[in-house]
Every structure is written in C-alpha cells, then in structure tokens.
Amino acid sequence: MPRLARRAARKNKLSQVRFAVTLRGPEMRKVNIGLVGCGTVGSGVVNGLAHNGALMGSRLGVRLSLGGVAVRNPRKARPTRLAKGLVTTDWEALVRDPKIDVVVELMGGTTTARRVVTEALKLGKPVITANKALISAHGESIFRLVEKNGGNLYYEASVAGGIPIIKSLREGLSGNRIRRLYGILNGTCNYILTQMEAVGMEFAAALEDAQRMGYAEAEPSLDVDGFDAQHKTGILASLAHGFWVKPGQIFVEGIRHITPLDIQFARRLGYCIKLLGIVKKRGGKVQIAVHPALVPETHVLANVSGVYNAILVRGDIVGDTLHYGQGAGADATASAVLSDLADAALDLKHGSLGRVPPFVPHEQDGAVLPMDRAVSPFYLRLSVIDRPGTLAKIAAILGGAKIGICSVIQPEGHVGESVPLIMMLHDAPDAAMRQALKKIARLSAVKAKPTMIRVETFE
Ligand code: NDP
Ligand code: HSE
C-alpha cells in the first residue's frame, strides 16, 4: 500500500478508535468540511447544512461542521450568511489545514479546480465535487490518483442535479448489464426548450431566465452547445459500461439551431424536442451521443419539463427504470452534495478506503460505435422555393442515398418566396443522411440551411 494510503488507513483506524470512544461519551464525532467555492451550489450546501445538518448528524452519528469556505471575493453579497472567521481567499491553506477532514470543490472550471482536487486527494482527504467538466476532462488521472492513494472521490452532484443517478448506476443497478440509457441531462436546455414550446419564448430570453435562476454554467455555451450534457453522458456511459469514455468519443450537437417552427411542426407530427444524452449497447460496441431528438409525445421523457432532468436506464434484468428530479439549481444540487457528505462521513467513521469505485466493472468491451454508423429516423425541415420539380429533386437525392420518405408536409397559405417543407424519413445511417443533406443544401431551390433532427424511438 502506498505511504499516503497507509497513513490515511492508520488515520482512519485511529478515527474509528476515537469514534468508538466518543460513542460512549456525550460527544458525537465531528467531520470538518472545507468548502472551496460558495456561489450558487456552495451557498445551497451551506443553507442545506443549516437546515438539515442536525438531522443528518443524528442519522449518521457524525456531526457535519463547516470548517472553512474559500471564495474569490470575500466581500461579494451571497444568498447565505457565512461567519466571518470561516471565509478565506486562500484555498490552498484551507485544503492543507489539518483540521479539515473533507474537501468539497464547488468552484467550477478545470484548471484551479483540478489542483484543489488533486492536492486534497494527495493529502489522503476525501473529495466531493459537482464538477462534471473536470471529471470529463481529467477523470482518468483523478481516479488513478484516488486508487493510488486509497482515498474516495464523490461526484453525485456532477450529473443530473438532485437525482441520485451515480449511486443508482454504481450500486442499485450493479447486477445489470445496461442496454440503453437516455438522459435529459441539461436543465438549462430543457428549460429553454420548454419555455419556447409552452409560452413561445425566444431562445435568448429563455437562456437569460435560466442564468438568472442559477441553472446555467458560468460559460452558457457549455449548456446550449451540448458540452455539459456531453460531460454528463460520458460519466454515465463510463459507469454503465466499465471503461473510461473520453469526451472526444461522444458525438455532440446543441440546441441553437432549434426554432419555434421546428417545435410547432414536431408537435403537429406527435413529438416534442428534447436534448438527449444517449448510450446504446449495439453488439459489442456502445453508441454514445448528445443531440436534440424528436421524442414521441406519449413517451415518459416527453413530459419532463423545465429544469427537470430524467434518465431512463434499461438493464437486462431490471428492465426500464426512470430517475427523475430537478437537474440544476442551488437546492437540488446541494441535495446531491449533502448525500455525498453523508457517504464521506460514514466512510471516515468506518475507515473505508476506495469504497467508491469510479466504474461498475462488469463490462470491459471498451469500444465506442462511431456516430456515422448510428441508425435512426430523421425529421428534416427545408426552406424551399415553391416551384414544380423541387420535391422530385429532393426525393431523388434521398432515394439515391437509400433513405425512404415516411411523410411530407408543405403547409398551404405561406407568404413570401420560400415555404417550409417538412419531411419525416425512415431509418438511415447518420453518415448517409449527412451526405444527402449536403447535396440537398446545394439545390438552387433550397434557400436556407436545412434543419435535420434525429428521431428517437427508444427501441
Ligand atoms: P458559481 O460561479 O456560482 O460559483 C463558483 C464559486 O467558486 C464562487 O463562490 C467563486 O467565488 C468561487 N471561486 C472561483 N474561483 C475561485 C478561486 N480561485 N478561489 C476560491 N474560490 C473561487 O458556480 P456554481 O455554483 O453554479 O457551480 C459550481 C460547480 O458546480 C461547477 O462545477 C458547476 O458545473 C457545478 N454544478 C452547477 C450546478 C448549478 O445548477 N449551478 C448544478 C450541478 C453542478 P466568488 O463567489 O467570490 O466569485
Ligand atoms: N448548467 C447545468 C444544467 C447545471 O443546466 O444542467 C447542472 O449540472
């Protein structure tokens, strides 16, 4: 066992002895928390501890105590009150402080946050993080460090806010081979799409709302361009299939190109539009992608609105399971951090090392199916000049690519030179569809960039 791990094990053993002693006495063992970052989520955690810390203490037999809070600007107004002596701008001193038992990283980003996490792990301290961007970019080396040092890294809050999906995959479903996983994983995008559909809100206004409510990332393009969902889908795919999925292996497309017109036509056809994270086992490979999809309005995921997230997991033994809850925001995310704090406190209490494996090691196939070979039906919206022969030319290109047309809508009574032409297409490989689309876009009768959205059938 490495030196630090030995030291951590010794320390944990001592803690257990101390804990056994304190059980007999009036004093409950205390776990001191070092919080790095006290913005939306950090403030939620401080408030959550103030509300339910005592309850958690009685449930766990361990008192959770805020030992220090590192922020960038100590004078900033916050939605929580922090005792003056607790606040520092020196995260390094806080992490190194021997009185701090657990480090909670809620600052975001992948540079300083990586240092916070690795320094704490090297010191043998358990670390909790909500930082999916960090895990996605550096998870492999961070998990190696956890293994080497015999520590624990908890990351429940990194995926789907308050939904305990990491625990469900790692523990609750560990007896299953995961066949399918479909997730609405970005609260900001789901909020925007819902607002566009329900009240006809403009994209930009809906995004501003999501930012004001604390759902969006500091850099909101992470949300609307699909990268945040890509990070989360990668984490879930790794857990489900037991190998580390690199972000570059995950096809990603965001929601910027989705217009109110697409939402209206999708409804007319019996669908709604959702940004989905998709993980499908196909033969020996796994298809992993993030993109907007037409979801049949009768499907359970079609009814997941606003900031809510949901993950449908299909296991070979359990069948379909649905995990639902708020996917972003201070309180929902704080709930996940508090649950990690409970686990960390119990692991310290019992001296458990390496109890939180990064993956469920029940499959090691390790191969990702390229998106080109993914097969699905498609929705296509074109803006075309209404003249004879246009539809025939488009149909010829699709026919040449062996893509069948399922239905066509060209609404009457449109004013202006061009009219919308909506087509529903049968199953086709992604590469064939994208090539056909390039040819269609070059036709003189096609006026604007075509919009293509994949249709998810959940088979
Ligand atoms: P915020 O931007 O609201 O908060 C970031 C905090 O980190 C601030 O308190 C900031 O200090 C502090 N900070 C930044 N740099 C430093 C530094 N060098 N030293 C000390 N403190 C620093 O982010 P969120 O709370 O929204 O997000 C935090 C993490 O949680 C991110 O990884 C995010 O992806 C993740 N997450 C967010 C969710 C959400 O709904 N918002 C949901 C799930 C996960 P100061 O306040 O002084 O500026
Ligand atoms: N920006 C993220 C979202 C926060 O909107 O889902 C939760 O991870």
Side-chain angles (χ1 to χ4, degrees), residues 34-47 68-80 82 87-95 103-117 128-137 155-163 165-166 183-194 206-207 209-233 235-236 254-255 275 277 290 304 306-311 325-337 340:
L35 183 63
V36 184
C38 193
T40 302
V41 182
S43 298
V45 171
V46 175
N47 286 335
V69 181
V71 294
R72 204 168 20 198
N73 174 6
R75 280 174 295 282
K76 198 171 176 178
R78 293 175 200 283
T80 189
L82 295 170
V87 180
T88 175
T89 53
D90 188 350
W91 66 262
E92 287 181 281
L94 180 67
V95 167
V103 173
V104 182
E105 182 278 305
L106 296 174
M107 71 193 303
T110 55
T111 314
T112 313
R114 186 184 187 187
R115 289 184 53 215
V116 171
V117 169
I128 294 166
T129 182
N131 194 334
K132 55 269 167 165
L134 176 71
I135 295 178
S136 174
Y155 52 104
E156 186 62 72
S158 68
V159 181
I163 307 172
I165 187 64
I166 304 276
I184 294 176
L185 296 171
N186 186 268
T188 301
C189 287
N190 207 45
Y191 179 83
I192 293 172
L193 291 172
T194 304
L207 173 58
D209 255 16
Q211 286 175 296
R212 201 175 46 251
M213 289 184 285
Y215 304 155
E217 296 301 305
E219 173 46 66
S221 87
L222 283 173
D223 296 298
V224 296
D225 293 320
F227 299 112
D228 177 76
Q230 181 194 37
H231 299 152
K232 293 166 176 168
T233 304
I235 293 171
L236 296 185
I255 63 163
L275 182 73
V290 170
V304 177
V307 72
Y308 279 82
N309 280 191
I311 305 109
Q326 290 183 54
D331 292 341
T333 314
S335 165
V337 174
D340 277 350

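We're numbering straight along the sequence, starting at 1. For ligands, and for the atoms within them, numbers begin at 1 and follow the listed sequence.
Looking at atom 7 (C) of ligand 2, its nearest protein heavy atom turns out to be Gly327 O, 3.3 Å. Counting only heavy atoms of the protein, atom 5 (O) of ligand 2 lies nearest to Thr188 OG1, 2.6 Å. What sits closest to atom 27 (O) of ligand 1 on the protein, heavy atoms only, is Val41 CG2, 4.0 Å. In this structure, atom 8 (O) of ligand 2 lies nearest to the protein heavy atom Lys132 NZ, 2.5 Å. The closest protein non-hydrogen atom to atom 31 (C) of ligand 1 is Gly108 CA, 3.6 Å.
Taking only nitrogen or oxygen atoms, main chain and side chain alike, Gly37 does not reach within less than 3.5 Å of ligand 1. On a distance-only criterion, Lys132 and ligand 1 share at least one N/O pair closer than 3.5 Å. Between Thr112 and ligand 1, no pair of N/O atoms sits closer than 3.5 Å. The N/O atoms of Gly187, backbone and side chain alike, include one that comes under 3.5 Å of an N/O atom in ligand 2. At under 3.5 Å, a nitrogen or oxygen of Cys38, whether backbone or side chain, sits near a nitrogen or oxygen of ligand 1. Geometrically, ligand 1 and Gly109 share no nitrogen or oxygen pair separated by less than 3.5 Å. At least one N or O atom of Tyr215, backbone or side chain, sits closer than 3.5 Å to an N or O atom of ligand 2. An N or O contact shorter than 3.5 Å is missing between Ala330 and ligand 1 by distance. Residue Trp91 has no N or O atom closer than 3.5 Å to an N or O atom of ligand 1. Residue Gly329 has at least one N or O atom closer than 3.5 Å to an N or O atom of ligand 1.
For ligand 1, the atoms closer than 4.0 angstrom to any heavy atom of Leu106 are 5 (C), 6 (C), 7 (O), 28 (C). Taking every non-hydrogen atom of Glu217 and a distance limit under 4.0 Å, the qualifying atoms of ligand 1 come out as 33 (C), 34 (O). The ligand atoms of ligand 2 that sit less than 4.0 angstrom from a heavy atom of Asp223 are 1 (N), 2 (C), 3 (C), 5 (O). Near Asn186, the atoms of ligand 2 lying under 4.0 angstrom from a non-hydrogen atom of the residue are 2 (C), 3 (C), 5 (O), 6 (O). Residue Glu217 approaches ligand 2 through these ligand atoms, each under 4.0 Å from one of its heavy atoms: 1 (N), 2 (C), 4 (C). Taking every non-hydrogen atom of Ala328 and a distance limit under 4.0 Å, the qualifying atoms of ligand 1 come out as 40 (O). For ligand 1 and Ala157, the ligand atoms under 4.0 Å from any heavy atom of the residue are 43 (C), 44 (C). Interface of Lys232 with ligand 2, defined as ligand atoms under 4.0 Å from a residue heavy atom, comprises 2 (C), 3 (C), 6 (O), 7 (C), 8 (O). With ligand atoms numbered from 1 in the order given, ligand 1 contributes 32 (O) to contacts under 4.0 Å with heavy atoms of Asn131. Interface atoms of ligand 1 facing Gly214, defined by a heavy-atom separation under 4.0 Å, are 39 (C), 40 (O), 41 (N).
Summarising the geometry, atom CG belonging to Asn186 is positioned 7.5 Å from atom CD belonging to Glu217; distances are rounded to the nearest 0.5 Å.
Residues Gly109 and Leu134 come closest through the heavy atom pair O-CB, 4.1 Å. Across every non-hydrogen atom of Cys38 and Val69, the tightest pair is CB-CG1, 3.7 Å. Here the closest heavy-atom approach between residue Gly226 and residue Val290 is recorded as O-CG1, 3.9 Å. For the residue pair Gly214 and Thr40, the shortest heavy atom distance occurs at O-CG2, 3.7 Å. Of all heavy-atom pairs between Leu185 and Lys232, the closest is O-NZ, 2.8 Å.
Side-chain N or O atoms of Glu219 include one that pairs as donor or acceptor with a backbone N or O of Ser221 at under 3.5 Å. For Thr233 (side chain) and Gly277 (main-chain N/O), no donor-acceptor pair under 3.5 Å exists by modelled atom type. Without hydrogens or angle criteria, Asn309 side chain to Gly325 main chain gives no donor-acceptor distance under 3.5 Å. When atom types are taken as modelled, the side chain of Arg78 and the backbone of Gly39 share no donor-acceptor pair closer than 3.5 angstrom. Checked by atom type and distance alone, the side chain of Asn73 pairs as donor or acceptor with a backbone atom of Arg75 at under 3.5 Å.
When only modelled atom types and interatomic distance are considered, Asp340 and Tyr155 share no side-chain donor-acceptor pair under 3.5 Å.
Side-chain atoms of Ile128 and Val103, non-hydrogen and from C-beta on, never get closer than 4.5 Å to each other. In this structure, the side chains of Thr129 and Leu106 stay at 4.5 Å or more apart for every pair of heavy atoms.
Distances from ligand 1 to the non-hydrogen atoms of Ala70 include at least one value under 4.0 Å.
In this structure, atom 23 (O) of ligand 1 has no protein heavy-atom contact shorter than 4.0 Å. Less than 4.0 angstrom separates atom 36 (N) of ligand 1 from at least one non-hydrogen atom of the protein.
At a threshold of 4.0 Å, the pair Glu105-Arg115 does not count as salt-bridged, since none of the basic side-chain nitrogens sits closer than that to a carboxylate oxygen.
Looking at Asp228 against ligand 2, only its side chain comes within 4.0 Å, counting heavy atoms.
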Can you list the steps and then say if Tyr308 with Asn190 is a side-chain hydrogen bond (donor to acceptor under 3.5 Å, both in side chains)? CA-CA 7 Å; Tyr308 279 82; Asn190 207 45; over 6 Å; no

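Among Arg78, Met107, Arg75, the residue whose heavy atom lies closest to atom 16 (C) of ligand 1 is Met107.
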